[in-house]
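Single-structure report; data block below.
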Number of protein chains: 2
Amino acid sequence: MASIKTIAKLAQTSVASVSRVLNNSGYVSADLRAKVQAAIAQTNYQPSSDARVLRGGKSNLVGILLPSIDVQFFGILAHAMEQALFDLGYQSFICSTAESAAHEARYVAMFLSRRVGGVIAASAEAGAAHFAPLRAHGIPIVAVDRDLHGYASDAIVIDHDLGGRMMAQHLIDLGHRTIAVIGAPQHSQSIQRRLAGVRAALAQSGLQPVSEQVGTTHDFAQSYDLASRALANRPTALIGLTDIAAIGTIHAAHDLGLRIPQDLSIIGFDDIPSAAFVLPRLTTVAQPIRHLGRSAAHRLHRLIAGDPQTQTEALPALTLIQRDTTAPPKPA
Amino acid sequence: MASIKTIAKLAQTSVASVSRVLNNSGYVSADLRAKVQAAIAQTNYQPSSDARVLRGGKSNLVGILLPSIDVQFFGILAHAMEQALFDLGYQSFICSTAESAAHEARYVAMFLSRRVGGVIAASAEAGAAHFAPLRAHGIPIVAVDRDLHGYASDAIVIDHDLGGRMMAQHLIDLGHRTIAVIGAPQHSQSIQRRLAGVRAALAQSGLQPVSEQVGTTHDFAQSYDLASRALANRPTALIGLTDIAAIGTIHAAHDLGLRIPQDLSIIGFDDIPSAAFVLPRLTTVAQPIRHLGRSAAHRLHRLIAGDPQTQTEALPALTLIQRDTTAPPKPA
DNA sequence: TTCCCCTATGGTATCGATTACATATTGGTA
DNA sequence: TACCAATATGTAATCGATACCATAGGGGAA
């Protein structure tokens, strides 16, 4: 691969002058500049980031840790972050930890050796010890969709507790009293908090879930199973802690011959694209996924730039989106 | 950040010895090795990849170009590729081109300056000129889900034409004769080929689509619109060139009061997770998405390693998955 | 005893880019 | 005419890690 020397030779000048052309610094005559640019164009030369970083430049690299991007929520989140970061001049390592601590540790080691400027962690892993080395090196960490218990410089998190409350309250307001909850994955902080919110809102009305099924794997199939179990308790309404869980429930209910929403109301959380495109259309609490991603990117950028202004701009509010899966319970 | 010199000083030795410990090369006494390792542990030291690459090592970086990972299909594909590559010792830049040529060119320049060892391109962009510089530098390129017209060293592509045929044939076999087709995005090679396959199969039975709606944006909402238009022609069956298109169609049909599959049969393509979890469950032609990703990763690895063995192992066959959205047309 | 090889360790050039510094050529002004 | 500032270009140190080469002690073979 061509180096700055190659270009210098081609343009019959020194590496210093080539560097000046590359960076638009110092004095370069129009003549020389033209020759250098010609050489660059001719060889498709691109200066090595490695050399630049080594010399003391910023790496413009950031690490993004999340459980896996084949899940809609994280796919959208990752996409939003990557785009925002790219526009800010960064390149991202999007890493799927598969919720394995060993995996996560390997990625962190990689971040260190690649000298990333910062890290965004949206992983669902509960433990955060792997982040200690990053912290020790003063590498800023922004947590998204979860806290990091002291390791993160900042956290972009919606109020999951409130989210849980909103779901429960909507059902309560419709008149439901026999309510079940399902969701996954168990170890996800967000899930736990939403669940806590659900319980709190129910308790406030003197209720508690007639069934609570929290699974380890977060996909349609497991959600279907969880829902089947929960429906055995004959709730009039079911809360899915994620849209995936809620959609799994739609199927379980359908297979049991229950009509939605006449026999069973269902509410989800997230508002992933599929939520509006299942039948019946899913009522859900929408969280601003892309906004979350962009916020995290900008926050990290500010931290990397050393901007002291740490004030958190507010995230858009959670909103209840009423579609076709919730209704008052049918009179007994 | 600590460097090899820091470690050498801490362990009271030379950088050469530290390097020997790091790489398990040459001679190092047990004593010294222990001291060095202690210093490394103490500082959380990780050798700089930049320096290693600069010195002449491999970068172990690969670029992955795709339209966007917030689309299920590409999210899953990207996930499979990233995991496989990570296991092979590579780190991936997953880049969403948003199907913009300018974007793509910027990413390619970045790949060059980062000295990636190879590139996997799954972008839907039709033009491939941006890849010329990569090619010029001898950087291997593997195309996934599309050809790259001479720029790629290899292409991992299923037989989209066959896929199109399978969809059409299934409907023909059921007795349908009035068949519409919708899909997006228009400029995607895969879409074009599937469409060609559909037309070919129909033609073989003396038929042609009663409506053909190909849109630019690939999401549920636009698919809904395309379907609404296509259904105006009163087909008894509709082919969605992707599952997204098919699912959009389910909704459009539903809103028109059509029963599925009694009044309208629908078939999709891809078998994304949502396909099995819509109501009614979508009949579709499944392509081995994750397998595609893993294959591409391994192929690229072999190319980077300079393995001459270029034989392509076969991909799993496309399979028709019959669920609940297709049935014989009702007698007229 | 001498020589050589194995073990152990350190010094230093090198990769590609940036940049401080040195050098050289102008032109304008006192 | 002498001098300084602005312009233009080159030389070399530097970043972190690797690897080649040099140095040196110790043990076995001749």
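Labels below follow one simple rule: chain letters A, B, ... track the order of the sequence lines, proteins then strands, and each chain is numbered from 1.
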[N] [atom2] sits how many Å from [X] [atom1], rounded?
{"X": "D31(A)", "N": "dT25(C)", "atom1": "CG", "atom2": "C1'", "answer": "15 Å"}
{"X": "I7(A)", "N": "dG16(C)", "atom1": "CD1", "atom2": "C1'", "answer": "12 Å"}
{"X": "Q46(A)", "N": "dA17(C)", "atom1": "CD", "atom2": "C1'", "answer": "14 Å"}
{"X": "R33(B)", "N": "dA8(C)", "atom1": "CZ", "atom2": "P", "answer": "10 Å"}
{"X": "I4(B)", "N": "dG11(C)", "atom1": "CD1", "atom2": "C1'", "answer": "14 Å"}
{"X": "K35(A)", "N": "dA8(D)", "atom1": "NZ", "atom2": "P", "answer": "14 Å"}
{"X": "N23(B)", "N": "dG16(D)", "atom1": "CG", "atom2": "P", "answer": "17 Å"}
{"X": "Q12(A)", "N": "dA8(D)", "atom1": "CD", "atom2": "P", "answer": "19 Å"}

Is any side-chain nitrogen or oxygen of [X] closer than 4.0 Å to OP1 or OP2 of [N]?
{"X": "S17(A)", "N": "dA8(D)", "answer": "no"}
{"X": "R115(B)", "N": "dA17(C)", "answer": "yes"}
{"X": "T13(A)", "N": "dG10(D)", "answer": "yes"}
{"X": "K5(B)", "N": "dC15(D)", "answer": "yes"}
{"X": "S48(B)", "N": "dG16(D)", "answer": "no"}
{"X": "S3(B)", "N": "dC15(D)", "answer": "no"}
{"X": "Y27(A)", "N": "dT7(D)", "answer": "yes"}
{"X": "Y45(A)", "N": "dA17(C)", "answer": "yes"}

Polar side-chain contact R20(B)-dG10(C) base: donor and acceptor under 3.5 Å: yes

Pairwise 5' ranking along DNA chain C for A51(B) and V18(A), keeping only the more 5' one: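 Nearest-nucleotide comparison on DNA chain C picks A51(B).
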
To the side chain of [X], which of [options] is closest?
{"X": "R52(B)", "options": "dG16(C), dA17(D), dG10(C)", "answer": "dA17(D)"}
{"X": "S19(A)", "options": "dT19(C), dG10(D), dT9(C)", "answer": "dT19(C)"}
{"X": "S29(B)", "options": "dA8(C), dT19(C), dA17(D)", "answer": "dA8(C)"}

For [X], which contact category applies under a 4.0 Å heavy-atom criterion: base, sugar-phosphate, or nothing?
{"X": "S25(B)", "result": "nothing"}
{"X": "D50(B)", "result": "nothing"}
{"X": "V15(B)", "result": "base"}

R114(B): partners by side chain to side chain donor-acceptor pair (under 3.5 Å), with sequence neighbours left out: Q91(A)

Exercise: identify the closest heavy-atom pair between S68(A) and F74(A): O-CB, 3.3 Å

Shortest non-hydrogen contact from L134(A) toward V119(A): CD1-CG2, 4.0 Å

Aromatic plane relationship, H301(A) with Y90(A) - under 30° parallel, 30 to 60° tilted, over 60° perpendicular: perpendicular

Centroid-centroid under 6.0 Å between F86(A) and H103(B) rings: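 Here the rings of H103(B) and F86(A) have centres that are less than 6.0 Å from each other.
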
Evaluation steps, salt bridge (charged side-chain N to carboxylate O under 4.0 Å, His left out), between R290(B) and D70(A): CA-CA 10 Å; R290(B) 287 173 203 277; D70(A) 57 5; 3.0 Å; yes

